[in-house]
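Throughout, a chain's letter reflects where its sequence line sits, starting with A, and its residues are numbered from 1.
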2 protein chains.
Amino acid sequence: MKIGDLARLTNTRVETIRFYEKEELLPAPGRNKGNYRIYEQAHLNRLSFIRRSRDLGFTLEQVRKLLKLADDRAAPCTEVDSITAANIAEIDRKLADLGALRTELVRKLECCRGSTIADCRIIEALAPAPSK
Amino acid sequence: MKIGDLARLTNTRVETIRFYEKEELLPAPGRNKGNYRIYEQAHLNRLSFIRRSRDLGFTLEQVRKLLKLADDRAAPCTEVDSITAANIAEIDRKLADLGALRTELVRKLECCRGSTIADCRIIEALAPAPSK
DNA sequence: CTTGACCCTATAGCGGCTTCAGGGTGCATA
DNA sequence: TATGCACCCTGAAGCCGCTATAGGGTCAAG
Ligand SMILES: [Zn+2]
Ligand SMILES: [Zn+2]
Ligand SMILES: [Zn+2]
Ligand SMILES: [Zn+2]
């Protein structure tokens with residue numbers, strides 16, 4: 001399987017696959033006579049794992065850990081769970097921040113309709129208090 | 001006022017202030033005999049505007065536009081409002097994405113407690129279907 | 001034999017800063 | 001006066017997770 005096929009199968013850009021290889025997330029595959037990368041099923045599996053993890057919001061650093069952990073089938077999964085919990089906590093922080101932001105912006109936008117800069121509620125909210 | 005004072009007043013790192021100057025968001029101030037930057041009230045006002053905008057989720061590019069628009073007090077504020085609306089739309093997309101992510105992660109985490117990697121629900125969700 | 005889709009490498013760029021290396025300044029204290 | 005220390009300076013590189021660009025090579029179909 002060539003890099004383009006792998007890209008299509010995993011919904012990943014070709015450049016991203018090469019990037020993962022350079023980052024040692026995905027092992028370097030064999031090459032054909034024309035120096036094209038040739039991938040096996042194992043690569044497809046591993047890349048799928050990486051992409052799903054990324055889609056779930058794990059950082060590449062977390063993905064690295066998860067990949068390492070996933071290999072020891074008999075080990076307890078406490079560490080996996082705690083990485084996941086950390087991810088959720090991070091998401092919660094972002095949700096709270098964004099929610100507050102949204103509220104504030106909507107309030108400003110609501111009460112300003114078609115007037116001038118001089119009394120635009122948004123500009124007013126941004127500008128420092130006039131020093132009189 | 002020296003750069004450290006300005007930093008304290010606006011809750012901004014010194015390096016960030018120098019970065020804004022290089023980016024021409026904040027005009028280069030005068031210098032004292034020792035080549036230290038010396039800021040005036042106008043700088044404080046402008047930096048406050050920038051920081052509040054950033055805190056509200058505007059990109060630096062949007063901040064640039066807002067700063068330009070804020071100067072023409074008589075102009076209509078339609079453009080300001082549409083930049084704000086774009087910001088809200090962006091926030092809404094992020095909120096939706098993060099919400100979905102959270103749901104999925106929580107569901108996985110909930111149904112996996114203290115078992116091994118071999119039957120960890122999270123690893124299972126990440127790993128591609130076993131080729132039997 | 002040419003076209004065009006695909007592949008290769010190496011390097012730089014994105015946003016929005018942060019960090020680092022290697023200095024200089026300015027004020028208080030011993 | 002010397003010394004310590006907090007603060008300031010510049011320029012360049014680093015962070016994340018890719019993406020894009022330049023400048024080529026490979027390969028199968030028509
Ligand atoms: Zn209004
Ligand atoms: Zn307005
Ligand atoms: Zn379970
Ligand atoms: Zn688990």
Side-chain angles (χ1 to χ4, degrees), chain A residues 1-26 28-39 43 46-47 49-67 83 86-87 90-91 93-94 97-98 101, chain B residues 1-26 28-39 43 46-47 49-67 83 86-87 90-91 93-94 97-98 101:
Chain A
M1 180 172 27
K2 286 186 287 179
I3 199 169
D5 305 319
L6 184 61
R8 262 181 301 277
L9 285 172
T10 55
N11 198 26
T12 307
R13 295 170 140 272
V14 166
E15 296 85 359
T16 306
I17 296 177
R18 290 196 282 247
F19 167 76
Y20 287 160
E21 180 179 324
K22 208 175 43 179
E23 292 293 301
E24 306 194 307
L25 277 158
L26 197 58
R31 302 285 180 124
N32 71 4
K33 56 186 148 43
N35 198 33
Y36 287 16
R37 288 172 179 82
I38 301 298
Y39 294 95
H43 292 100
R46 196 170 166 101
L47 181 54
F49 187 106
I50 296 170
R51 297 302 288 179
R52 290 193 216 194
S53 305
R54 293 285 303 126
D55 286 348
L56 285 171
F58 292 100
T59 65
L60 285 188
E61 217 37 62
Q62 288 175 326
V63 174
R64 248 180 256 278
K65 281 187 199 156
L66 290 175
L67 280 167
I83 291 173
N87 190 351
E90 180 66 24
I91 289 173
R93 284 205 305 98
K94 286 183 189 162
D97 282 1
L98 286 174
L101 232 57
Chain B
M1 181 173 23
K2 284 187 288 179
I3 199 168
D5 305 319
L6 184 61
R8 262 181 301 275
L9 285 172
T10 56
N11 199 25
T12 307
R13 295 170 137 270
V14 165
E15 297 83 1
T16 305
I17 296 177
R18 290 196 282 245
F19 167 76
Y20 287 160
E21 179 179 323
K22 206 174 44 179
E23 291 292 301
E24 305 195 308
L25 277 157
L26 198 58
R31 303 284 180 123
N32 71 3
K33 57 189 147 41
N35 199 33
Y36 287 16
R37 289 172 179 81
I38 300 298
Y39 294 95
H43 291 101
R46 193 168 168 106
L47 181 55
F49 187 107
I50 296 170
R51 297 302 287 179
R52 290 193 216 195
S53 305
R54 294 286 302 125
D55 285 349
L56 284 171
F58 292 99
T59 66
L60 285 187
E61 219 36 62
Q62 288 175 326
V63 174
R64 250 179 255 278
K65 281 186 200 155
L66 290 175
L67 280 167
I83 291 172
N87 189 352
E90 180 67 22
I91 288 173
R93 286 203 304 98
K94 286 184 189 162
D97 282 3
L98 286 174
L101 231 57

* **Integer-rounded Å distance: C:dG24 P and B:N32 CG** => 16 Å
* **Non-neighbouring partners of B:N11 that pass side chain to side chain donor-acceptor pair (under 3.5 Å), sequence neighbours left out** => none
Set out, line by line, the N/O atom pairs under 3.5 Å between protein and nucleotides 1-7 of chain C.
{"unit_1": "C:dC7", "atom_1": "OP1", "unit_2": "A:G4", "atom_2": "N", "d": "2.7"}

* For D:dG25, does either OP1 or OP2 sit under 4.0 Å from a side-chain N or O belonging to A:R31? -> no
* Structure fact -> Between A:E15 and A:G34, whichever has its closest DNA chain D nucleotide further toward 5' is A:E15
Ignoring hydrogens and angles, write down the donor-acceptor pairs under 3.5 Å from the side chains of residues 2-9 of chain B, residues two or more places apart or on other chains.
{"unit_1": "B:D5", "atom_1": "OD1", "unit_2": "B:R8", "atom_2": "NH2", "d": "3.1"}
{"unit_1": "B:D5", "atom_1": "OD2", "unit_2": "B:K2", "atom_2": "N", "d": "3.0"}

* To do: In whole angstrom, give the distance that lies between atom CD1 of B:I17 and atom C1' of C:dG16.
  => 15 Å
* Could you walk me through whether A:M1 and A:I38 pass side-chain contact (heavy atoms from CB on, under 4.5 Å), step by step? => CA-CA 5 Å; A:M1 180 172 27; A:I38 301 298; 5.9 Å; no
* Can you sort out the partners of B:N32 under side chain to side chain donor-acceptor pair (under 3.5 Å), two or more places apart, ordered by chain and number? => none
* **Interatomic distance where CD belongs to A:E21 and P belongs to C:dT9 [whole Å]** => 7 Å
* List for me each residue that meets salt bridge (Lys or Arg N to Asp or Glu O under 4.0 Å) alongside A:R31, sequence neighbours excluded, and say none if there are none. => none
What's touching nucleotides 15-18 of chain D from the protein side, N or O pairs under 3.5 Å?
{"unit_1": "D:dG17", "atom_1": "OP2", "unit_2": "A:L60", "atom_2": "N", "d": "3.4"}
{"unit_1": "D:dG17", "atom_1": "O3'", "unit_2": "A:R54", "atom_2": "NH2", "d": "3.3"}
{"unit_1": "D:dC18", "atom_1": "OP2", "unit_2": "A:Y20", "atom_2": "OH", "d": "2.9"}
{"unit_1": "D:dC18", "atom_1": "OP2", "unit_2": "A:R54", "atom_2": "NE", "d": "2.6"}
{"unit_1": "D:dC18", "atom_1": "OP2", "unit_2": "A:R54", "atom_2": "NH2", "d": "3.4"}

* To do: Kindly indicate, with the supporting measurements, whether the criterion side-chain contact (heavy atoms from CB on, under 4.5 Å) is fulfilled by A:H43 and A:L47.
  => CA-CA 6 Å; A:H43 292 100; A:L47 181 54; over 6 Å; no
Name each donor-acceptor pair under 3.5 Å that joins a side chain in residues 14-25 of chain A to protein atoms two or more places apart or in another chain, with its distance.
{"unit_1": "A:Y20", "atom_1": "OH", "unit_2": "A:R51", "atom_2": "NH1", "d": "3.0"}
{"unit_1": "A:E21", "atom_1": "OE1", "unit_2": "A:R37", "atom_2": "NE", "d": "2.8"}

* **Sequence-distant partners of B:Y36, ring pair (Phe, Tyr, Trp, His ring centres under 6.0 Å), two or more places apart** => none
* Rounded to the nearest angstrom, tell me the gap between atom CD in B:E23 and atom C1' in C:dC17. => 10 Å
